[in-house]
Amino acid sequence: MVYLNGHFIAKNKASISVMDRGFLFGDGVYEVIPVYQGKIFRLTEHLQRLQNSLDSIQITNPYTSKKWKEILTKLNHFSSESDQSLYLQITRGADTQRKHNFDILTPTVYIEANPLIAKTKSQLEVGFSAITRKDIRWHRCDIKSTSLLANILYAQEAKQHQVEEVILSRNNEITEGATSNVFILKDNTLFTHPTGPNILSGITRDLVISSAKACKLQLQKTPFSLKDIQHADGLWISSSTREIMPITLLDGQPINQGKIHPAWSCMYNHYQQLKND
Ligand code: PLP
């Protein structure tokens with residue numbers, strides 16, 4: 001079952017116009033929201049980010065927060081899975097002709113729910129590999145846009161290299177991953193790229209930032225370089241579907257001799273607590 005423009009219908013019955021600007025231009029925004037034990041996790045924060053994305057591209061939010069909650073909860077209840085990932089997308093809507101500029105249209109709203117199978121702590125403790133690449137994306141990465149061509153190409157490279165993630169750098173500064181935020185740990189300080197147009201401000205990133213103190217870590221939103229990563233005590237990526245994942249091999253080179261710092265374990269435990277609250 002999926003949600004499309006006011007209706008809950010079977011996925012194979014859901015269709016949109018070929019004139020939809022989401023189809024023609026990738027003219028839309030999206031959110032991915034986890035559900036744990038049937039409870040939507042950090043909904044307010046996701047809806048706020050959605051609002052920011054919509055405002056940035058001049059689409060009026062079609063629903064109030066109350067209505068979003070109602071729809072998402074209802075969709076969630078169609079599935080028997082207690083942990084799910086809700087994907088929601090809003091495009092500018094369908095026009096009568098293809099043109100780059102836009103008039104006010106009726107936005108298209110599509111939502112689907114998929115099972116969310118988080119990795120266990122022991123699965124994560126194995127450590128993961130990543131590669132680095134130049135950040136070739138545009139300069140409004142803070143908008144969670146459905147125009148994801150660069151990210152798609154990175155994801156394909158990750159697949160071809162059999163690595164978990166591609167870590168991006170712009171002007172010698174690490175920005176984020178192709179589908180995640182990036183943290184390094186050095187001498188009990190956690191560093192992450194400053195919030196701004198170079199990164200998507202992750203909801204999981206915010207949780208890591210606010211949990212730093214609980215794990216006795218300092219936090220600095222300061223740019224860091226590839227060289228800094230190579231000398232770091234830990235490298236982590238974060239996202240709603242991956243949670244907090246340790247990267248132990250970057251471009252084939254071990255980080256912290258391939259060992260996972262105990263601070264990661266503290267963070268992991270803290271995050272699980274938040275999920276269960
Ligand atoms: N950065 C990018 C480019 C992403 O695509 C994602 C998630 O999809 C994130 C960061 C992490 O965001 P969140 O923690 O809200 O899932």
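First listed ligand is number 1; within each ligand, the first listed atom is number 1. In what follows, residues are counted from 1 in the order of the sequence shown.
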**Prompt:** Taking only heavy atoms of Ser240, which atoms of ligand 1 are found under 4.0 Å from at least one of them?
**Reply:** 13 (P), 14 (O), 15 (O), 16 (O)
**Asked** Going by atom types alone, do Gln230 and Lys227 pair a side-chain donor with an acceptor below 3.5 Å?
**Response** no
**Asked** Is Asp142 paired with Arg140 through a side-chain N to carboxylate O contact shorter than 4.0 Å?
**Response** yes
**Request:** Provide, to 0.1 Å, the distance between atom 14 (O) of ligand 1 and the closest protein heavy atom, together with that atom's residue and name.
**Result:** Thr204 OG1, 2.6 Å
**Close approach of Ser201 to ligand 1, heavy atoms, under 4.0 angstrom** = no
**Request:** Starting from atom 12 (O) of ligand 1, find the nearest protein heavy-atom neighbour and note its residue, name and distance.
**Result:** Gly202 CA, 3.4 Å
**Fill in**
The atoms of ligand 1 lying under 4.0 Å from a heavy atom of Gly177, numbered in the order shown, are 3 (C)
**Asked** If you look only at pairs with a residue in residues 209-277, which of them pass as a disulfide bond (SG atoms under 2.5 Å apart), with sequence neighbours excluded?
**Response** Cys215-Cys266
**Asked** Given the rule that I, L, V, M, F, W and Y join up when any side-chain heavy atoms are under 4.5 Å apart, are Leu86 and Leu116 in one cluster?
**Response** no
**Request:** Could you find the nearest protein heavy atom to atom 1 (N) of ligand 1 and give me its residue, atom name and distance?
**Result:** Glu176 OE1, 2.7 Å
**Prompt:** With a distance cut-off below 6.0 Å to the six-membered ring centre and an angular limit of 45° from the axis, does Lys121 pair with Tyr268 as a cation-pi contact?
**Reply:** no
**Asked** Nearest protein heavy atom to atom 3 (C) of ligand 1, by residue and atom, and its distance?
**Response** Ala178 O, 3.5 Å
**Item:** Which residue and heavy atom of the protein sit nearest atom 4 (C) of ligand 1, plus the separation
**Value:** Thr179 C, 3.4 Å
**Item:** Greater than 12 external heavy atoms within 6.0 Å of Gln160's CD
**Value:** yes
**Prompt:** What class does the angle between the rings of Trp236 and Phe183 fall in, given that below 30° is parallel, 30 to 60° is tilted and above 60° is perpendicular?
**Reply:** tilted
**Prompt:** For ligand 1, which atoms, with element, lie under 4.0 Å from some heavy atom of Ser238?
**Reply:** 11 (C)
**Request:** Determine, for Glu176 against Arg205, whether the closest basic-nitrogen to carboxylate-oxygen distance falls under 4.0 angstrom.
**Result:** no
**Asked** Does the N or O separation between Arg49 and ligand 1 drop below 3.5 Å for any pair?
**Response** yes
**Message:** Can a side-chain donor-acceptor contact be found between Lys39 and Gln37 if the only test is distance below 3.5 angstrom?
**Reply:** no
**Request:** Among all protein heavy atoms, pick out the one at the shortest distance from atom 8 (O) of ligand 1; state its residue, atom name and that distance to 0.1 Å.
**Result:** Lys144 NZ, 3.3 Å
**Request:** Answer with yes or no whether Val32 contacts ligand 1, where contact means a heavy atom under 4.0 Å from a ligand atom.
**Result:** no
**Complete:** Within the 4.0 Å heavy-atom cut-off, what Cys141 brings close to ligand 1 is neither
